[in-house]
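Remember, it's 1-based here, ligands and their atoms both numbered in the order they're listed. This is a predicted model, so every value here is computed, not measured.
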Amino acid sequence: MSFTAELRKTADPIYKAIFSHPFVQGIGKGSLPADSLIHYVKQDFEYLNTFMQIYGIAISRCENREDMAMFAEQIGFILHSETHPHHNFCKVAGVRYEDLQYEPLAPTAHHYTRHMLDVAHRGSLAEILAVLLPCPWTYQAIGDYLYETFQPKANHPFFDWISFYRSNGEMGVTKQFCKRLDELAAHATEQEKERMQDHFLKSCQLEYSFWEMAYVKEKWPVAY
Ligand SMILES: Cc1ncc(C[n+]2csc(CCO)c2C)c(N)n1
């Protein structure tokens with residue numbers, strides 16, 4: 001079994017918990033409270049800003065143009081395409097996307113972005129790929145799960161969101177990252193592979209926590 005197939009197998013309970021989470025089920029059923037959608041978009045806009053910064057750090061560690069191009073292309077994708085699912089949530093919530101930008105991070109978004117930044121600053125390129133991979137991989141899995149389970153039609157409120165993330169047969173970012181991570185894992189030491197697995201599983205857990213954060217509109221404990 002490939003290194004990334006092992007990772008996916010180990011993380012299976014977390015993937016299953018994500019599919020069952022009420023926010024994800026709410027996307028499938030086409031029904032979510034507006035304030036949870038708004039909290040999600042506010043936090044995800046910030047999360048994606050940090051994600052692009054980490055791609056910048058990853059580029060600074062690359063030793064060939066193919067790797068540089070892979071990360072550079074993803075920065076463009078986040079800037080110009082990842083905005084579509086946010087627009088879908090804003091439309092359903094009845095708000096303007098421009099009004100949900102540059103908010104302070106809630107605790108879980110803070111935790112997840114600091115986890116990725118820590119690995120980006122201290123880890124190898126393989127460790128950076130491992131910490132980033134659950135982001136595209138869990139979303140693709142959610143898109144496929146929701147598409148198969150709820151069979152949404154074009155009039156479903158979250159049809160665009162589900163269609164955006166489900167796999168479309170192309171060499172998407174998840175496949176690209178898995179392929180490159182498997183190549184790097186083939187030359188990694190056992191200790192490095194353990195660190196890669198640890199980073200991957202923490203990011204999977206934090207993907208679950210991010211849905212929960214949005215659903216309960218998580219805040220810092222003390223208002224001031
Ligand atoms: C918390 C959180 N996790 C994953 C995604 C999905 N996502 C974000 S960037 C990207 C492409 C990677 O180049 C994908 C698939 C999200 N929006 N928010």
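C135 SG, 3.2 Å is the protein heavy atom nearest to atom 7 (N) of ligand 1. The nearest protein atom to atom 17 (N) of ligand 1, hydrogens excluded, is given as D44 OD2, 2.8 Å; this is a heavy-atom distance. With hydrogens left out, the protein atom closest to atom 10 (C) of ligand 1 is E82 OE2, 3.2 Å, a heavy atom. Atom 9 (S) of ligand 1 has its closest protein heavy atom at L48 CD2, 3.5 Å.
Between Y15 and F19, the ring-plane angle classifies as perpendicular under the 30° and 60° cut-offs. Using the six-membered ring where Trp is involved, W211 and Y40 have ring planes that are parallel, under 30° apart on the 30 and 60° scheme.
Listed by number with element, the atoms of ligand 1 under 4.0 angstrom from any heavy atom of Y55 are 12 (C), 13 (O). Here is the list of ligand 1 atoms found below 4.0 Å of a heavy atom in P136: 15 (C). Close approach of ligand 1 to I78 is summarised as follows: ligand atoms under 4.0 Å from at least one heavy atom of the residue are 9 (S). Those atoms of ligand 1 that come under 4.0 Å of a heavy atom in Q74, given as number and element, are 11 (C), 12 (C), 13 (O).
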**Request:** Kindly indicate, with the supporting measurements, whether the criterion salt bridge (Lys or Arg N to Asp or Glu O under 4.0 Å) is fulfilled by R195 and E192.
**Result:** CA-CA 5 Å; R195 287 198 299 276; E192 190 184 2; 5.2 Å; no

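For the residue pair Y112/Q205, the side-chain donor-acceptor check at 3.5 Å is not satisfied.
For the pair D118 and R114, the salt-bridge criterion is not met [side-chain N within less than 4.0 Å of a carboxylate O]. Ionic pairing of E6 and K9 is not present here: no N-O contact between side-chain nitrogen and carboxylate oxygen is shorter than 4.0 angstrom. For the pair E183 and K179, the salt-bridge criterion is met [side-chain N within less than 4.0 Å of a carboxylate O].
Note: an N/O pair closer than 3.5 Å links E207 and ligand 1 by distance alone.
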